Structure formats: C-alpha cells, structure tokens
Amino acid sequence: MENISDVTVEECTKSRYITPMRLKYKQNGSGKIWDAMQVHNSVAVLLFNKSTDSFIFVRQFRPAIYLNNSKTEQKNDEVIIDTDKFPGSLGITYELCAGLIDKDVSPTEIAKMEIHEECGFDVPMESIEHVTSYRSGVGTTGSKQYLFYAEVTEEMRTGKGGGVVEEGEMIDVIEIPKSEVMTFVMDENINRPIGMMFAVLWYFQNKTKS
C-alpha cells in the first residue's frame, strides 16, 4: 500500500467527486470572494467487535494527505513529488469505515454497504445506530457526514473486507483493543481525522456507563 511512485501533480479540470467553485458575495455590504467545492455527503461508522473487545478501523492511502505532507517540484514539463524524499507512508491514514452517499438510498443503507465492503461484516439495518451528523471541511466543502455506531461479532463476518477492488479501493482492516484505543486516536504521529477521535470519545461517554 505504501509503494507509491511516479507522482505528478496537475490542474483538476473535471472530476466525478468534486466541483471547484468561486463564490462572490457581499457580507454586511463588503464584497468578498471565497473558493469552495461541492462534494457528496458521506457516512462514517464506528465499529466495535464484541468478540475481540476491540474497535475496527480502516487503513488506506489518501492522496490529499500525501500532497499536504509533501512538497512539489518542477521537473522538465511536469510538477512532481519525489517519492525518494517523500515516501508513500506519509499519506497513510487510519479512519472509521466510511463512504460517499452517491446512491439514491438512505444514509443507513450506505453505512450497511460500507461495513460489508470495507470491513467484511454483514450487519442488520436495525443494528446500525445513528449517532449524529456534522459538517466537515467547513472552509472548503461544507459537506455533511452522518455518524453511525454498530457492534459486530465474528459470527457476522462474511468476507475479508478491503473495499471494492473494481473501484480502485485498497484498504486494510485493523483492530485496536479497547484498552489501547484512546492512546491510539490521540497519537499525533499518525494521520487520523477528527471524526474518528470524536466517535471514540462518544463511545466512552455513552456506551461504557454503569
């Protein structure tokens, strides 16, 4: 997964996932300009494996993280990132199971699909608990993410997960023991999103009360 090579950077003129836009507006009579992107809303799922007393997360390479952990340089007619100086490991993240809402179904149905595709568990819809929703990327995208919680057991495992290969996904499924998870999510040496940290804190506030 960390074996990244031949990296070039170019202008994004058309995308299936983002639409760059420039907003011009007046605020209290003062003219302003703001660049933003329209993107899909998404779901994220905090998974707890009752059989192993551990949390299930996913590990993957995120190009945007890699770009922001690296530096570009001009080489001949291309803008590149030198992977000898900036290895692919700089773009590896640890995240909740998650996915875009790009189908005409409910967020809960998307969550069920993502749990199976990414982590290999078949979870009944009624066992997927809606926690809350929030806005992510408020300075650039403003998209909504729906957070869910689900408990699984090894008896519910129907596959190895790893994402949809045909869609280019390459995902590792990892488990972190409950006794170690707070240290893990607070570790500044790993790339992890704020939603993952919030979800774990929510768990300890709401699921471990006597």
Side-chain angles (χ1 to χ4, degrees), residues 1 39-62 64-65 91-103 105-138 141-164 169-210:
M1 182 181 296
V39 301
H40 291 288
N41 291 330
S42 62
V43 303
V45 189
L46 178 64
L47 286 174
F48 183 73
N49 189 337
K50 295 172 66 177
S51 299
T52 59
D53 201 35
S54 61
F55 291 92
I56 299 172
F57 300 124
V58 297
R59 177 180 180 272
Q60 57 189 317
F61 176 78
R62 291 293 197 180
I65 300 297
I92 296 295
T93 64
Y94 294 83
E95 307 175 29
L96 299 177
C97 168
L100 299 177
I101 301 177
D102 55 2
K103 301 178 180 64
V105 298
S106 71
T108 307
E109 290 175 274
I110 295 288
K112 176 180 172 63
M113 294 177 199
E114 295 296 339
I115 294 168
H116 185 259
E117 291 174 359
E118 292 193 356
C119 300
F121 292 89
D122 186 10
V123 180
M125 289 272 290
E126 60 271 18
S127 298
I128 301 174
E129 177 184 348
H130 175 250
V131 176
T132 189
S133 63
Y134 43 79
R135 297 289 176 174
S136 58
V138 293
T141 66
S143 60
K144 179 180 283 189
Q145 184 166 80
Y146 297 84
L147 177 63
F148 295 92
Y149 171 75
E151 295 180 349
V152 300
T153 63
E154 287 304 307
E155 288 72 27
M156 299 164 68
R157 191 187 292 275
T158 58
K160 64 180 181 178
V164 182
E169 292 184 323
M170 187 181 297
I171 295 171
D172 290 338
V173 182
I174 67 165
E175 294 201 21
I176 303 296
K178 183 166 70 174
S179 60
E180 301 173 13
V181 74
M182 280 302 300
T183 300
F184 180 79
V185 299
M186 295 302 292
D187 186 350
E188 294 181 83
N189 294 311
I190 65 172
N191 297 315
R192 75 278 192 231
I194 186 66
M196 174 179 168
M197 302 166 71
F198 167 76
V200 171
L201 291 171
W202 170 88
Y203 172 88
F204 283 107
Q205 185 176 28
N206 293 275
K207 295 298 182 180
T208 58
K209 293 178 179 179
S210 57

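Predicted, not measured: the structure shown is a model, and the values here were computed from it. These values consider heavy atoms only, across backbone and side chains, with no hydrogens, waters or symmetry-generated copies.
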For residues 169-177, tabulate all N or O donor-acceptor pairs below 3.5 Å that involve a side-chain atom, not counting sequence neighbours.
{"residue": "Glu169", "atom": "OE1", "partner": "Val164", "partner atom": "N", "Å": "2.6"}
{"residue": "Asp172", "atom": "OD2", "partner": "Arg59", "partner atom": "NH1", "Å": "3.0"}
{"residue": "Glu175", "atom": "OE1", "partner": "Thr52", "partner atom": "OG1", "Å": "2.7"}
{"residue": "Glu175", "atom": "OE1", "partner": "Ser54", "partner atom": "OG", "Å": "2.4"}
{"residue": "Glu175", "atom": "OE2", "partner": "Asn49", "partner atom": "ND2", "Å": "3.2"}

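- One finds the CD1 atom of Ile110 at 11.0 Å from the CG atom of Asn41 (value rounded to the nearest 0.5 Å).
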Atom pairs and distances, side-chain donor-acceptor, residues 155-162, under 3.5 Å, sequence neighbours left out:
{"residue": "Glu155", "atom": "OE1", "partner": "Thr153", "partner atom": "OG1", "Å": "3.2"}
{"residue": "Arg157", "atom": "NE", "partner": "Glu154", "partner atom": "OE1", "Å": "2.9"}
{"residue": "Arg157", "atom": "NH2", "partner": "Glu154", "partner atom": "OE1", "Å": "3.3"}
{"residue": "Arg157", "atom": "NH2", "partner": "Glu154", "partner atom": "OE2", "Å": "3.1"}
{"residue": "Thr158", "atom": "OG1", "partner": "His116", "partner atom": "NE2", "Å": "3.1"}

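- Classification of the Tyr203-Tyr149 ring pair by plane angle, with boundaries at 30° and 60°, yields tilted.
- Partners of Asp122 by salt bridge (charged side-chain N to carboxylate O under 4.0 Å, His left out), not counting sequence neighbours, listed by chain and number: Lys112.
- Of the inter-residue distances, the one linking Ile128 atom CD1 with Glu114 atom CD reads 11.0 Å to the nearest 0.5 angstrom.
- The nearest pair of heavy atoms linking Ile65 to Gly91 is CG2-CA, 4.2 Å.
- Counting only N and O atoms by type, the side chains of Gln145 and Ser42 include a donor and acceptor under 3.5 Å apart.
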Can you give each donor-acceptor pair under 3.5 Å made by side-chain atoms of residues 183-190, sequence neighbours left out, with the distance rounded to 0.1 Å?
{"residue": "Asp187", "atom": "OD1", "partner": "Asn189", "partner atom": "N", "Å": "2.9"}
{"residue": "Asp187", "atom": "OD1", "partner": "Asn189", "partner atom": "ND2", "Å": "3.3"}

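- Scanning for salt bridge (charged side-chain N to carboxylate O under 4.0 Å, His left out) contacts around Glu109 gives an empty result, with sequence neighbours left out.
- Scanning both residues, Val200 and Val181, for their nearest heavy atoms gives CG1-CG1, 3.9 Å.
- Of all heavy-atom pairs between Phe48 and Lys178, the closest is CE1-CD, 4.0 Å.
- Of all the heavy atoms in Gly195 and Leu96, the pair that sits closest is O-CD1, 3.9 Å.
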**OP:** Please lay out, stage by stage, how Phe57 and Leu46 fare under the test side chain to side chain contact (heavy atoms under 4.5 Å, CB included).
**Re:** CA-CA 8 Å; Phe57 300 124; Leu46 178 64; 4.0 Å; yes

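- Partners of Glu151 by salt bridge (charged side-chain N to carboxylate O under 4.0 Å, His left out), not counting sequence neighbours, listed by chain and number: Lys50.
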